[in-house]
Amino acid sequence: QVQLMESGGGAVQSGGSLRLSCKASGHTSYIDCMAWFRQAPGEEREGLASIHFAHGDTNYADSVKGRFTLTLDNSKKTTYLEMTGLKPEDSATYYCAANFWCANLKTGAHYYDYWGQGTQVTVAS
């Protein structure tokens, strides 16, 4: 079993920045990809970014390109989602996910086997 623990959520003013982290524990040798999703009330879950452990290649959703950056500390099995230029529409619950492979962010959320509990991000107008 793999456990994911998110941290770093909170409230920030429009235009501000936040750094989310997600640390994987348990049988982490079974995961080769970590990703971030978010879900606002009444909205579908949206894939934001993913990163491969082995190769370090990343993929970003159009909605966050140029504003969010996903990095990986492989030794710590921890990803960091640096978020800048935050907008009120970025307000959502942010979820960390992990899998053996990086499924498509737009259509492949259901392929991710492990999920964190979510951390709330609120961006004030």
**Q.** Geometric class of the Tyr111/Trp101 ring pair [parallel <30°, tilted 30-60°, perpendicular >60°]
**A.** tilted

(Q) Between Gln39 and Thr93, is there a side-chain donor-acceptor contact under 3.5 Å, judged purely by atom types and distance? (A) no

Q: To the nearest 0.5 Å, tell me how far Met5 CE sits from Gln3 CD.
A: 9.0 Å

Q: Return yes when atom NE2 of His55 has more than 12 non-hydrogen atoms of other residues, nucleotides or ligands closer than 6.0 Å, and no otherwise.
A: no

**Q.** Straight-line distance of Met34 CE to Asn74 CG, nearest 0.5 Å
**A.** 10.0 Å

Q.
Test: salt bridge (charged side-chain N to carboxylate O under 4.0 Å, His left out). Region: residues 13-37. Which pairs qualify, not counting sequence neighbours?
A. Arg19-Glu82

**Q.** Presence of salt bridge, Asp90 and Lys87, under 4.0 angstrom
**A.** no

Q) Can you name the closest pair of heavy atoms from Glu6 and Tyr94 and give their distance? A) OE2-O, 3.8 Å

(Q) Within the 4.5 Å heavy-atom criterion, are Ile31 and Tyr114 side-chain neighbours or not? (A) yes

Q: Work out which heavy atom in Leu72 is nearest to a heavy atom in His52; give both atom names and the distance.
A: CD2-O, 3.9 Å

Q | Aromatic ring proximity, centroids under 6.0 angstrom, Tyr112 and Phe37 | A | yes

Q | Gln13, CD atom: more than 12 neighbouring heavy atoms under 6.0 Å | A | no

Q) Between the side chains of Thr84 and Ser17, does any donor sit under 3.5 Å from an acceptor? A) no

Q. Can the ring centres of Phe68 and Trp36 be said to be less than 6.0 Å apart?
A. no

Q: Would you name the heavy atoms of Leu4 and Cys96 that are closest together and state the gap between them?
A: CD1-O, 3.7 Å

Q: Find out if a path of hydrophobic residues (ILVMFWY) with successive side-chain heavy-atom gaps under 4.5 Å connects Leu70 to Leu105.
A: no

Q) What pair of heavy atoms forms the shortest contact from Gly9 to Val121, and how long is it? A) CA-CG2, 4.3 Å

Q: Can you see which heavy atom on Ser50 is nearest to which on Cys33, and at what distance?
A: CB-SG, 4.1 Å

Q: State whether the side chain of Asn99 and the backbone N or O of Cys102 hold a donor-acceptor pair below 3.5 Å, judged by distance alone.
A: no

Q. Taking atom OG of Ser21 and atom CG of Asp73, what is their separation to the nearest 0.5 Å?
A. 11.0 Å

**Q.** Flag if over 12 foreign heavy atoms under 6.0 Å of OH, Tyr30
**A.** no

Q) Are Ile51 and Leu48 linked, directly or through other ILVMFWY residues, by side chains that come within less than 4.5 angstrom of each other? A) yes

Q. Between Ser91 (side chain) and Pro88 (backbone), is there a donor-acceptor pair under 3.5 Å?
A. yes

Q.
Rounded to the nearest 0.5 Å, what separates atom NE2 in His27 from atom CD in Gln1?
A. 11.5 Å

**Q.** Cluster check Tyr60, Phe53: I/L/V/M/F/W/Y, side chain < 4.5 angstrom
**A.** yes

**Q.** Pairs meeting criterion salt bridge (charged side-chain N to carboxylate O under 4.0 Å, His left out) with involvement of residues 40-58, two or more places apart
**A.** Arg38-Glu46

Q: Check step by step if side-chain hydrogen bond (donor to acceptor under 3.5 Å, both in side chains) holds for Ser125 and Ser14.
A: CA-CA 6 Å; Ser125 300; Ser14 180; over 6 Å; no

Q: Using side-chain contact (heavy atoms from CB on, under 4.5 Å) as the criterion, list what pairs up with Val12, not counting sequence neighbours.
A: Leu18, Leu86, Val123

